[in-house]
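One structure is given here, and the rest of the page talks about it.
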Amino acid sequence: MKNISIIGSGTMGNGIAHVFAQHGFAVTLVDIAQAQLDKALVTIAKNLDRQVAKAVITEEQKASTLSNISTTTDISAGVAGADLVGEAATENTELKLDIFRKMDAHAPEACILATNTSSISITKIAAATKRPGKVIGMHFMNPVPVMKLVEIINGYGTETGVTESIVELSRTLGKIPCVVNDYPGFVANRILMPMINEAICTLHEGVAGVEEIDTVMKLGMAHPMGPLQLADFIGLDVCLAILRVLQEGFGNPKYAPSPLLVNMVAAGKLGVKSGEGFYRYEAGSKEAKAVYFR
Ligand SMILES: NC(=O)c1ccc[n+]([C@@H]2O[C@H](COP(=O)([O-])OP(=O)(O)OC[C@H]3O[C@@H](n4cnc5c(N)ncnc54)[C@H](O)[C@@H]3O)[C@@H](O)[C@H]2O)c1
C-alpha cells in the first residue's frame with residue numbers, strides 16, 4: 001500500500017493523516033471545506049513540532065511528513081487512486097453510509113475501505129457498499145500520534161486477507177493491532193463506557209465527589225486519568241450516544257445512561273469542548289481548572 005485517503009480532517013482524521021504521512025505514505029486528506037483542511041494542516045505541523053522538540057523526529061522528517069500530505073474537498077477525486085481509504089468523518093450513521101457509497105463508487109476495485117467509527121456497526125456500513133468483504137473497522141485512539149492501540153474490527157463479511165493487511169499496516173505505523181468482532185461498542189467502548197457511566201451514577205447517588213471518584217480510580221487502579229475527567233475529554237454527548245448504541249444494540253438495561261449524564265448533555269455541559277462538564281476548562285485548554293459539577 002502506498003496511497004492512503006483519509007476522509008474527515010477533524011481530531012482523528014488529522015492524527016491519522018499525520019501518522020501515515022510520517023511513515024512515508026502519500027496521504028490525501030479530504031473534508032467538506034478547505035478551511036477545515038487548512039486548520040488540520042496547521043494542527044499537524046504543530047504536533048510535528050512537538051515531536052521534533054521531544055527528539056522523536058528530526059526537522060527533515062517533519063518536512064517530509066508535511067510534503068506527503070495533499071488536500072481536497074472533492075471526495076471522488078480524493079479516493080480515485082487510493083489503496084486504502086480511512087474514513088474519520090463525523091459520527092453519524094446516515095452520513096457515514098453516504099460517504100461509504102461515494103467511496104465505493106470512486107475508489108479502485110481492490111481498495112480497502114476502513115472506518116474509524118467508535119460505535120456504528122461495521123457490518124451495516126459494509127452493506128452500503130458493493131464490496132462488504134473489503135470493509136473493516138480501523139479504530140485509532142486519541143491522540144493518534146501518541147496512542148499505540150489500533151482496534152481492528154471485522155465486519156460480518158470482512159475477508160481474512162483484508163484483516164491481515166490491516167494488521168500488517170498497523171504494525172508498519174508503529175502501532176499495536178488488536179482484532180475483534182463487530183458487536184456494539186466493539187471491545188474498547190463496550191468496557192469503557194459502562195465504567196464511565198458507573199462513575200457518573202456513583203456521583204449522582206452522592207457516594208463521593210468528582211475528585212474523590214477520579215482519585216480512587218487514578219491512584220487505586222493506576223488509570224492515568226479518572227473516568228469523569230476522561231468523560232469530559234471524550235465529550236459527554238459522545239459518551240451518551242455510545243451508551244445509547246450499547247443499550248439499543250444489546251437490549252440490556254444495564255447500559256442505560258445515568259439520568260445525570262442525560263441532564264448534563266441537555267444543559268449543554270459537554271466537557272472540554274463546551275468549557276464545562278465535571279470540571280471547568282478555559283477556552284483552548286484541556287487542563288481541568290476546578291470541579292465544575294455541584
Ligand atoms: N475524538 C475521539 O476521541 C475519537 C476516538 C476514536 C474514534 N473516533 C471516531 O472518529 C470519527 C471522527 O471523530 P472526530 O472526533 O475526529 O470528529 P471531528 O468532529 O473532530 O471531525 C469530523 C470531521 O469530519 C468532517 N466531515 C463531515 N462530513 C464530511 C463529509 N461528508 N466528507 C468529508 N468530511 C466530512 C468534518 O468537517 C470534520 O472535519 C468518528 O467516527 C468518531 O466516532 C473519535
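Just follow the structure's listing: the first ligand is 1, and inside any ligand the first atom is 1. The basis for the numbers below is simple: all heavy atoms, side chains too, and nothing from hydrogens, waters or symmetry mates. Position 1 is the first residue of the sequence; numbering continues from there.
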Subject >> contact_flag Ile99 ligand 1 heavy-atom lt 4.0 Å >> reply: yes
Subject >> Ionic contact status for Asp182 with Lys124, cut-off 4.0 Å >> reply: no
Original post:
Got an N/O contact under 3.5 Å between Asp31 and ligand 1?
Top reply: yes
Subject >> Residues Thr90 and Asn92: side-chain donor-acceptor under 3.5 angstrom >> reply: no
Original post:
Linking I/L/V/M/F/W/Y whenever their side-chain heavy atoms sit closer than 4.5 Å, directly or via other members, would Leu230 and Val144 fall into one cluster?
Top reply: no
Subject >> Within-cutoff protein neighbour (heavy atom, under 4.0 Å) for atom 19 (O) of ligand 1 >> reply: no
Original post:
What part of Val238, side chain, backbone, both or neither, has a heavy atom within less than 4.0 angstrom of ligand 1?
Top reply: neither
**OP:** Please work out whether any backbone atom (N, CA, C, O) or any side-chain heavy atom from C-beta onward of Thr115 is under 4.0 Å from ligand 1, and answer side chain, backbone, both or neither.
**Re:** neither
Subject >> Stepwise side chain to side chain contact (heavy atoms under 4.5 Å, CB included) check, Met138 with Ile166 >> reply: CA-CA 8 Å; Met138 193 176 187; Ile166 298 300; 3.9 Å; yes
Subject >> Residue and atom name of the nearest protein heavy atom (relative to atom 21 (O) of ligand 1), distance in Å to one decimal >> reply: Gly10 CA, 3.3 Å
**OP:** Give the numbers and elements of all ligand 1 atoms closer than 4.0 Å to a heavy atom of Lys96.
**Re:** 40 (C), 41 (O)
Original post:
Nearest to atom 8 (N) of ligand 1, what protein heavy atom do you find, and at what distance?
Top reply: Ser118 OG, 3.2 Å
Original post:
Any idea which protein heavy atom is nearest atom 11 (C) of ligand 1, and the distance to it?
Top reply: Ala89 O, 3.4 Å
Original post:
Only one of His106, Arg131, Met103 clears side chain to side chain contact (heavy atoms under 4.5 Å, CB included) with Cys111; which?
Top reply: Arg131
Original post:
Any salt bridge between Asp83 and Lys2, counting N to O under 4.0 Å?
Top reply: no
Subject >> atom 27 (C) of ligand 1: the protein heavy-atom neighbour that sits closest, reported with distance to 0.1 Å >> reply: Thr90 OG1, 3.3 Å
Original post:
At what distance is the nearest protein heavy atom to atom 17 (O) of ligand 1, and which residue and atom is it?
Top reply: Thr11 N, 4.7 Å
**OP:** Please check if Met141 and Val19 belong to a single hydrophobic cluster, counting links between Ile, Leu, Val, Met, Phe, Trp and Tyr side chain heavy atoms closer than 4.5 Å.
**Re:** no
**OP:** Considering the heavy atoms of Ile7, write down every atom of ligand 1 situated less than 4.0 Å from one of them.
**Re:** 32 (N), 33 (C)
Subject >> Protein non-hydrogen atom below 4.0 angstrom of atom 34 (N) of ligand 1 present >> reply: yes
Original post:
Is it true that a side-chain atom of Asn3 and a backbone atom of Ala82 form a donor plus acceptor pair closer than 3.5 Å?
Top reply: no
Original post:
If only atom types and distance count, is the side chain of Asn197 paired as donor or acceptor with the main-chain N or O of Ala256 below 3.5 Å?
Top reply: yes
**OP:** Please state whether Phe233 comes within less than 4.0 angstrom of ligand 1, counting heavy atoms only.
**Re:** no
**OP:** For atom 41 (O) of ligand 1, state which one of Glu91, Gln36, Glu151 supplies the nearest heavy atom.
**Re:** Glu91
Original post:
Between the side chain of Thr158 and the main-chain N/O of Asn154, is any donor-acceptor distance below 3.5 Å?
Top reply: no
**OP:** Measure from the side-chain N and O atoms of Glu91 to the backbone N and O of Ser119, and report whether any donor-acceptor pair falls under 3.5 Å.
**Re:** yes
Original post:
Any idea which protein heavy atom is nearest atom 29 (C) of ligand 1, and the distance to it?
Top reply: Ile32 CG2, 3.9 Å
Original post:
By number and element, which atoms of ligand 1 are closer than 4.0 Å to a non-hydrogen atom of Phe140?
Top reply: 6 (C)
Subject >> Check: Met12 N/O within less than 3.5 Å of ligand 1 N/O >> reply: yes
Original post:
What's the shortest distance from atom 10 (O) of ligand 1 to any protein heavy atom, and which residue and atom give it?
Top reply: Asn116 ND2, 2.9 Å
Original post:
With distance as the sole test, does Glu87 use its side chain to make a donor-acceptor pair with the main-chain N or O of Ile6 at under 3.5 Å?
Top reply: no
Original post:
Does Met141 reach ligand 1, in the sense of a heavy atom lying below 4.0 Å from it?
Top reply: no
Original post:
How far is atom 28 (N) of ligand 1 from its nearest protein heavy atom, and which residue and atom name does that atom have?
Top reply: Leu95 CD2, 3.6 Å
**OP:** Please determine, by modelled atom types, if Gln51 and His18 share a side-chain donor-acceptor pair under 3.5 angstrom.
**Re:** yes
**OP:** List the steps and the verdict of side chain to side chain contact (heavy atoms under 4.5 Å, CB included) for Asn142 and Met12.
**Re:** CA-CA 7 Å; Asn142 185 19; Met12 297 305 285; 3.7 Å; yes
Original post:
Which of the numbered atoms in ligand 1 are below 4.0 angstrom from a heavy atom of Thr117?
Top reply: 41 (O)
Original post:
Taking N or O atoms only and a 3.5 Å limit, does Glu87 qualify as a polar contact for ligand 1?
Top reply: no
Original post:
Got a donor-acceptor contact below 3.5 angstrom from the Ser5 side chain to the Gly78 backbone?
Top reply: yes
Subject >> Residue His139 vicinity, atoms of ligand 1 by number, heavy atom under 4.0 Å >> reply: 6 (C), 7 (C)
Original post:
Non-hydrogen atoms of Ile75 versus ligand 1: any pair closer than 4.0 Å?
Top reply: no
